[in-house]
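This is a predicted model, so every value here is computed, not measured. The chain is numbered in sequence order, starting from 1.
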Amino acid sequence: MKETQTIQTQTTTTTTTKRISGSEAVVRCLLEEGVKVLYGYPGGAIMPVYDELYKYQDKIHHVLCRHEQGATHSAQGYARISGDVGVAMATSGPGATNLITGIADAQIDSTPMVCITGQVPSHLLGSDAFQETDIVGISTPVTKWNHQITKASQIPEVIAKAFYIAKSGRPGPVLIDITKDAQFEEFDFKYEKCTGVRSYKPVPETDKASLKVAAELINNAKKPMIVWGQGVILSEAEAEFKAVIEKAGIPSAWTILGASAIPTSHPLNIGMVGMHGNYAPNVLTNECDVLIAIGMRFDDRVTGDLSKYAKQAKVIHFEIDPAEIDKNVKTDVAVLGDAKASLAELLPLLNPNSHTEWHQKFKDLYTIEYEKVIKGDLHPTKEGLTMGEVLKEINIQTKGEAAIVSDVGQHQMIACRYAEFNKTKSNITSGGLGTMGFGLPAAIGAKMAAPEREVVSISGDGGYQMTIQELGTIFQQKTAVKIVVLNNDFLGMVRQWQQLFFDKRYASTEMTNPDFVAIAKGYYLNAKRVTKREELADAVEEMIASKEPYFLEVCVEKEDNVFPMVPSGASVSDIRLE
């Protein structure tokens with residue numbers, strides 16, 4: 001939903017009228033929406049709002065990030081682990097444009113976020129004034145909704161609408177641009193929460209007839225398989241999902257954003273699908289007779305060659321967003337609606353089942369993957385350290401209770417494959433956009449939203465340096481994030497492709513890195529480097545035991561690859577084990 005014109009809204013909770021400035025109104029609106037933490041970076045065009053924030057320090061904690069992109073990723077991490085709307089703020093021009101990568105990331109990964117930007121005074125709009133840019137035009141393709149405010153009186157309605165749109169239905173980012181004169185202007189403030197927007201129906205009604213057809217297909221299936229995505233987590237449908245798969249006995253695989261909806265160790269959890277997913281669910285996607293997709297969008301990294309994807313199967317798609325139905329994969333039965341409600345209604349329609357022989361196929365293929373890939377990753381015989389054994393040690397020290405916030409690259413795939421997730425909302429990563437630099441700032445937001453949880457940031461040496469300045473945020477805020485950099489002196493994922501598909505022409509992927517430990521210590525963080533296997537366990541134990549931020553660099557094999565792998569454009573059943 002993208003629009004910049006005023007829309008009729010439904011509202012509740014009228015507050016007492018009081019004459020205040022637009023900038024104070026912004027802060028008061030945030031308080032009305034329950035915002036406790038705000039990530040941002042000040043500048044001229046947003047300075048009036050920051051001046052008001054100064055007066056409300058006891059009510060809203062502003063986190064001074066070191067780059068506006070870091071502010072958006074921190075807001076994303078906050079939203080992903082809490083389920084609340086993350087909030088980021090920046091000034092006009094470059095401050096606003098620096099938000100765009102994080103906004104685009106939030107849009108494709110369905111993360112609720114509200115971004116507020118300052119803008120030049122309204123009489124200067126369109127004049128190429130200092131630090132003026134059309135952020136509404138720039139952000140339109142990557143926001144769920146955006147709006148420019150030029151009058152103070154517009155602020156309460158627009159902000160209320162922004163929070164409603166960001167959180168309702170399929171979540172996403174919203175941007176509000178406020179001119180500087182609107183921030184100074186006074187008006188009679190009254191706040192009313194938005195409870196609906198005309199023409200916007202965030203949750204479609206579930207068609208009971210479709211549910212019955214879906215249940216009949218599932219009950220009659222001999223080889224059913226589920227692929228679930230983040231929709232299960234976003235709708236808080238974990239309990240309903242678990243009840244459905246246990247009653248029907250269906251092998252269930254996950255996309256990377258769906259990970260942790262049920263524990264890794266659950267007997268019906270058959271692993272990850274996709275380019276670097278597990279062998280069995282990828283291969284058997286093309287053998288199942290009914291494929292049930294729940295809260296996922298059939299991304300190309302999941303499907304591979306669409307012309308060869310699950311052509312033998314009847315496809316059932318549980319989805320909140322009608323735009324996703326038939327977009328990539330033709331659906332036989334579409335069940336629109338919120339996953340929590342739909343699965344609750346599906347459960348009594350299902351017959352108990354076990355599918356013992358079908359499950360055995362997954363176990364047999366897992367054995368092959370274990371011998372060819374997993375064993376070497378987790379129990380290596382080579383001299384150099386592997387990324388997999390680092391994740392194994394983190395699992396041991398955290399008992400699978402940690403929230404793993406990964407960056408993008410080889411380490412991300414290793415983290416998704418080998419981290420143990422015993423709690424929901426434990427795998428926080430950049431899925432659709434694949435944003436290098438996501439991990440470190442997102443971990444800050446995650447830890448602030450869930451201070452009682454252990455939050456471990458996993459990065460490669462490449463992505464880490466894209467937002468390394470956020471160490472300053474960690475130091476200033478004293479945020480007890482545990483930072484792990486798996487250093488192979490390469491842009492590892494690109495190098496892997498160059499090895500496999502470009503005859504080992506390592507063009508611009510080998511990195512000459514700085515002393516990461518010295519940099520961390522420069523930010524007054526506890527820090528250690530591990531280069532030998534016998535040092536690893538003690539170092540990870542020390543890191544997890546620390547009550548303060550901790551940086552751990554682990555030097556791993558330079559040219560290790562991540563397998564299994566579905567080559568780009570290939571069928572999922574053509575997955576390679578080496």
Q: May I ask you to check whether Phe241 and Phe318 place their ring centres under 6.0 Å from each other?
A: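 No, ring centres 6.0 Å or more apart.
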
Q: Do Asn328 and Tyr309 come within less than 4.5 Å of each other through their side chains, counting heavy atoms only?
A: no

Q: Under the side-chain contact (heavy atoms from CB on, under 4.5 Å) criterion, do Glu393 and Val554 qualify, and how do the steps go?
A: CA-CA 12 Å; Glu393 192 59 44; Val554 183; over 6 Å; no

Q: Any chance the side chains of Gln360 and Asp364 put a donor and an acceptor closer than 3.5 Å?
A: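 Their side chains do contain a donor-acceptor pair, which is all the 3.5 Å distance test asks for.
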
Q: For the residue pair Thr143 and Val174, establish whether any side-chain heavy-atom pair is separated by less than 4.5 Å.
A: no

Q: Please test Met413 against Met565 for side-chain contact (heavy atoms from CB on, under 4.5 Å), starting from the C-alpha separation and ending with a verdict.
A: CA-CA 10 Å; Met413 295 296 101; Met565 180 180 185; over 6 Å; no

Q: Could you tell me whether the side chains of His266 and Glu246 share a donor-acceptor contact shorter than 3.5 Å?
A: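 Present: a donor and an acceptor within the cut-off.
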
Q: When you compare the side chains of Thr255 and Arg297, does any donor N or O come within less than 3.5 Å of an acceptor on the partner?
A: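 No donor-acceptor contact under 3.5 Å links the two side chains.
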
Q: The test is side-chain contact (heavy atoms from CB on, under 4.5 Å); show your working for Met113 and Thr72 and say whether it passes.
A: CA-CA 8 Å; Met113 182 165 68; Thr72 56; 4.3 Å; yes

Q: Heavy-atom count check: over 12 atoms from other residues, nucleotides or ligands less than 6.0 Å from Lys330 NZ?
A: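 12 or below, so no.
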
Q: Counting C-beta onward and ignoring hydrogens, is there a side-chain heavy-atom pair between Val37 and Val87 closer than 4.5 Å?
A: no

Q: Sub-3.5 Å donor-acceptor pair from the side chain of Asp109 to the main-chain atoms of Gly431, do we have one?
A: yes

Q: Below 4.5 Å, heavy atoms only, C-beta onward: do Cys65 and Pro441 meet side chain to side chain?
A: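 Not in contact.
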
Q: Please tell me whether Asp105 and Ser430 have a donor and an acceptor in their side chains that are separated by less than 3.5 angstrom.
A: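 Yes - a donor-acceptor pair under 3.5 Å links their side chains.
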
Q: Is the number of heavy atoms from other residues, nucleotides or ligands within 6.0 Å of NZ (Lys247) greater than 12?
A: yes

Q: Among side-chain atoms of Thr264 and Asn269, is any donor-acceptor pair under 3.5 angstrom?
A: no

Q: Give a yes or no on whether a salt bridge exists between Lys340 and Glu240, defined as a side-chain N under 4.0 angstrom from a carboxylate O.
A: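 Result for this pair is yes, salt bridge flagged.
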
Q: Would you say Lys327 and Glu319 make side-chain contact, with heavy atoms under 4.5 Å?
A: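 No, too far: nothing below the 4.5 Å cut-off.
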
Q: For Glu401, I'd like to know if atom CD has over 12 heavy atoms of other residues, nucleotides or ligands within 6.0 Å.
A: yes

Q: Is there a donor-acceptor pair under 3.5 Å between the side chain of Glu369 and the backbone N or O of Leu365?
A: no

Q: Got Lys425 and Glu236 here, is their nearest side-chain heavy-atom distance under 4.5 Å?
A: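 Sidechains of Glu236 and Lys425: in contact.
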
Q: Show your reasoning for whether side-chain contact (heavy atoms from CB on, under 4.5 Å) applies to Ile544 and Glu454.
A: CA-CA 8 Å; Ile544 298 302; Glu454 195 69 72; 3.8 Å; yes

Q: Can you list everything that forms a side chain to side chain donor-acceptor pair (under 3.5 Å) with Thr101? Sequence neighbours excluded, please.
A: none

Q: So, does Asn427 use its side chain to make a donor-acceptor pair with the main chain of Ser260 at under 3.5 Å?
A: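 Side chain of Asn427 to backbone of Ser260, a donor-acceptor pair under 3.5 Å: no, none is there.
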
Q: Within the distance-only criterion (no hydrogens, no angle test), does the side chain of Arg301 pair as donor or acceptor with the backbone N or O of Val273 below 3.5 angstrom?
A: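 Between the backbone of Val273 and the side chain of Arg301 there is no qualifying donor-acceptor contact (under 3.5 Å).
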
Q: Indicate yes or no: at least one non-hydrogen side-chain atom of Val329 is less than 4.5 angstrom from one of His317.
A: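 No - every pair of side-chain heavy atoms lies 4.5 Å or more apart.
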
Q: Do you know which of Asn286, Asp305, Thr285 makes side-chain hydrogen bond (donor to acceptor under 3.5 Å, both in side chains) with Ser573?
A: Asn286

Q: Between Glu389 and Lys392, is the closest basic N to carboxylate O distance under 4.0 Å?
A: no

Q: Would you say the side chains of Thr473 and Tyr39 form a donor-acceptor pair under 3.5 Å?
A: no

Q: Do Tyr506 and Glu559 meet the criterion of a side-chain donor-acceptor pair at a distance under 3.5 Å?
A: yes

